[in-house]
There are 2 protein chains.
Amino acid sequence: MLTEEIELTTTHRSPALSATNIEAAVKALRERGLRVSAARRLVLEALYGAEGPLSAERIAQGLEGRLPRSDLASVYRNLETLEEVGLVRHVHLGHGPGLYALAAPEHEYLVCESCHAVRTVAKAELDGIRSQVLDRFGFEARFTHFPLVGLCPRCLSESHDHEENEHAHP
Amino acid sequence: MLTEEIELTTTHRSPALSATNIEAAVKALRERGLRVSAARRLVLEALYGAEGPLSAERIAQGLEGRLPRSDLASVYRNLETLEEVGLVRHVHLGHGPGLYALAAPEHEYLVCESCHAVRTVAKAELDGIRSQVLDRFGFEARFTHFPLVGLCPRCLSESHDHEENEHAHP
DNA sequence: CCGTAACTGCGAACGACTCGCAAAAACTAA
DNA sequence: TTAGTTTTTGCGAGTCGTTCGCAGTTACGG
C-alpha cells in the first residue's frame with residue numbers, strides 16, 4: 001500500500017502575526033533555561049507560518065524553499081522540546097508521519113477512513129460528544145493526539161449507494 | 001520513549017469452540033480459491049485461540065510456545081489475505097504495532113492516552129455516541145480500526161487531584 | 001570574551017512493515 | 001499417483017518514520 005498524502009480541508013490561522021508570537025515563544029523557552037538556536041527558531045517559524053499541521057520531514061526540507069533546510073534529527077528533537085514546553089502538539093492522522101502544530105489554539109481532528117480527508121475543528125465543537133462519552137464511559141475523549149476516525153459525509157453516501165446497487169440485484 | 005505494552009482489560013471470547021470455526025474459515029478461504037497452507041492455518045489458530053488482539057510478531061513467535069514459530073513476513077502476508085477475505089481486522093491502539101483479531105464479533109476500542117489501558121466494547125455500546133457524531137458532523141464514527149482515545153476514569157481523577165494540589169499553592 | 005552547558009549535524013540503529021525471488025507446498029487434472 | 005500449474009513460503013534486503021550516540025559547535029551567564 002502506498003503512503004497516502006493527507007490533505008487538510010480547513011484553514012487554521014492567518015499566517016500574518018507570526019513574528020510577534022514567535023518572540024513570545026522565545027521568551028517562554030528562555031524562561032525555562034532553554035536556548036534559542038537558529039535551528040530551533042526555524043522550527044518555530046515553520047509552525048507559526050503554517051496553515052495546518054506539518055511533518056518533521058517537511059520542516060527539515062524548509063517548506064519547499066520558503067525556509068532554509070535543516071537536519072531532520074534536530075527538527076525531531078526540537079519539536080520534542082517545544083512539545084515538552086507546551087508550545088507544540090503533534091497528531092497522528094493515519095498511517096503517515098506524525099504532524100506538528102502550535103498547541104494553541106487547541107484543535108481536534110476528524111479523519112475519514114476511506115478518503116483520508118481531515119476536518120479540523122475547535123475543541124468546543126466536540127464538547128457535546130465529549131460529555132456523552134464521559135456519561136457513558138467515565139472516559140474523557142480527546143481528539144487532539146489521535147483523531148476521531150470514521151466515514152465522512154461523502155464517503156458515507158457513496159457507501160449507501162453501493163449498498164443500494166447490491167440490493168437492486170435480484 | 002519505550003514501546004509500552006498494551007494490556008487488555010476485557011475478555012473477548014471463550015477459547016473453546018476454536019476448531020469448528022477454523023474449519024468454517026478454511027471453507028471461506030477455499031471458496032475464494034485460496035490455499036490452506038500450514039502457515040495460514042497457524043495464523044488462524046492463533047487468532048481463534050486468542051483472548052484479545054495480537055501483534056504479527058507475537059503470532060510469528062508462536063505465542064510463547066503455544067504454537068510453532070513461523071516467518072514474520074508470511075504472517076503479515078497471511079493476515080493481509082485474511083483481512084481481504086473479511087475474516088480478520090486490525091486495530092492501531094497507539095504507538096506500538098498493529099494488532100489483529102477475528103473480524104466477528106465486531107469490537108470497538110477505547111484507549112487511555114495516559115496509562116494506555118484498553119477497553120474493548122461491543123459495537124452497539126457506542127451507537128449512542130455514533131448517532132450524536134452523525135447528527136453534528138454527518139460523519140459515521142468507527143472505533144474499530146482506530147480507537148476512541150482519551151483519559152480513563154482513573155487517570156482522569158488523578159489529573160483532577162493534581163490540579164487541586166496546584167491550586168492549593170498560594 | 002571565556003567557560004561550560006545545551007545544541008547541532010552526521011551516521012548508524014531502530015521498529016514495524018513490505019518486497020523480490022528462488023525453493024517448496026497445495027490443489028487440479030490426468 | 002503423479003505431473004503440472006500456481007500459490008505460498010522463507011529468507012534477506014529494503015523502506016519509512018523516528019531515535020540514538022557522539023564529536024564538534026554555539027548560546028548565553030559570568
Side-chain angles (χ1 to χ4, degrees), chain A residues 1-6 23 25-44 46 53-62 67-85 88 90-100 145-146, chain B residues 1-6 25-44 53-62 67-85 88 90-100 145-146:
Chain A
M1 192 193 293
L2 294 173
T3 302
E4 295 160 64
E5 282 297 311
I6 284 168
E23 291 320 313
V26 162
K27 206 182 142 204
L29 287 175
R30 282 207 245 262
E31 269 163 20
R32 300 243 190 168
L34 293 165
R35 295 183 181 177
V36 184
S37 65
R40 198 162 274 170
R41 196 178 212 86
L42 222 53
V43 170
L44 246 14
L54 301 174
S55 69
E57 187 78 47
R58 230 160 79 79
I59 297 174
Q61 318 271 257
L67 288 174
R69 291 164 176 274
S70 43
D71 176 61
L72 181 58
S74 299
V75 169
Y76 271 111
R77 278 182 299 227
N78 280 324
L79 287 168
E80 193 188 15
T81 322
L82 293 170
E83 199 153 1
E84 278 161 19
V85 174
V88 165
H90 76 272
V91 61
H92 298 279
L93 294 185
H95 287 159
L99 302 179
Y100 296 77
H145 185 202
F146 290 104
Chain B
M1 193 191 295
L2 296 173
T3 302
E4 295 159 65
E5 282 298 311
I6 284 167
V26 162
K27 205 182 143 203
L29 288 175
R30 281 207 246 263
E31 269 162 21
R32 299 243 191 170
L34 294 166
R35 296 181 183 179
V36 183
S37 64
R40 196 108 90 195
R41 194 175 216 102
L42 223 54
V43 169
L44 245 15
L54 301 174
S55 69
E57 187 78 48
R58 229 160 79 79
I59 297 174
Q61 319 269 255
L67 287 174
R69 292 165 175 274
S70 44
D71 176 61
L72 181 59
S74 299
V75 170
Y76 272 110
R77 277 181 301 225
N78 281 324
L79 287 168
E80 193 188 15
T81 326
L82 293 170
E83 199 153 2
E84 278 161 20
V85 174
V88 164
H90 76 272
V91 61
H92 298 279
L93 294 185
H95 286 158
L99 301 179
Y100 296 78
H145 186 202
F146 290 103

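Hydrogens, waters and symmetry mates play no part in the numbers below; they use all other heavy atoms, side chains included. Since we're looking at a predicted model, the values are computed, not measured. Every chain is numbered from 1 and lettered A, B, ... according to where its sequence line falls, protein lines coming before strand lines.
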*Would you say A:Arg30's side chain and A:Val36's backbone share a donor-acceptor pair under 3.5 angstrom?*
no
*Closest heavy-atom contact between A:Val75 and A:Ala56?*
CG1-O, 3.7 Å
*How close do A:Leu99 and A:Pro53 get, heavy atom to heavy atom, and via which atoms?*
CB-CB, 3.6 Å
*Name the residue closer to the 5' end of DNA chain C, choosing between A:Ser70 and B:Ala73 according to the nucleotide with the nearest heavy atom.*
A:Ser70
_It should be established whether B:Tyr76 places a side-chain nitrogen or oxygen under 4.0 Å from OP1 or OP2 of nucleotide C:dC17._
yes
*Audit row: A:Leu29, A:Leu82, side chain to side chain contact (heavy atoms under 4.5 Å, CB included) steps and yes/no*: CA-CA 8 Å; A:Leu29 287 175; A:Leu82 293 170; 3.9 Å; yes
Mind calculating the distance between [atom1] ([X]) and [atom2] ([N]) to the nearest angstrom?
X	N	atom1	atom2	value
A:Arg77	C:dT8	CZ	C1'	6 Å
A:Glu80	D:dC20	CD	C1'	11 Å
A:Leu42	C:dC7	CG	C1'	14 Å
B:His92	D:dG17	NE2	P	14 Å
A:His95	C:dC17	NE2	C1'	11 Å
B:Glu83	C:dT18	CD	C1'	15 Å
A:Asp71	D:dC22	CG	P	17 Å
A:Asn78	C:dA6	CG	P	15 Å

*Can a donor-acceptor pair under 3.5 Å be found between the side-chain atoms of B:Arg69 and the base atoms of D:dG10?*
no
*Side-chain donor/acceptor of A:Arg58 to base of D:dG17, under 3.5 Å*: no
Please produce a list of atom pairs where a protein N or O lies less than 3.5 Å from an N or O of nucleotides 27-30 of chain D.
residue	atom	partner	partner atom	Å
D:dA27	N3	A:Arg35	NH1	2.9
D:dC28	OP1	A:Arg30	NH1	2.7
D:dC28	OP1	A:Val36	N	2.9
D:dC28	OP2	A:Arg30	NH1	3.3

*How is B:Gly98 classified with respect to the nucleic acid when contacts are heavy atoms under 4.0 Å: base, sugar-phosphate, or nothing?*
sugar-phosphate
*With heavy atoms under 4.0 Å as the rule, sort A:Arg40 into base, sugar-phosphate or nothing.*
sugar-phosphate
*Where does the angle between the aromatic ring planes of A:Tyr100 and A:His90 fall among parallel (under 30°), tilted (30 to 60°) and perpendicular (over 60°)?*
tilted
*Over 60° means perpendicular and under 30° means parallel, so classify the ring planes of A:His145 and B:His95, tilted if in between.*
perpendicular
*Flag side-chain contact, heavy atom, 4.5 Å: A:Arg77 against A:Val43*: no
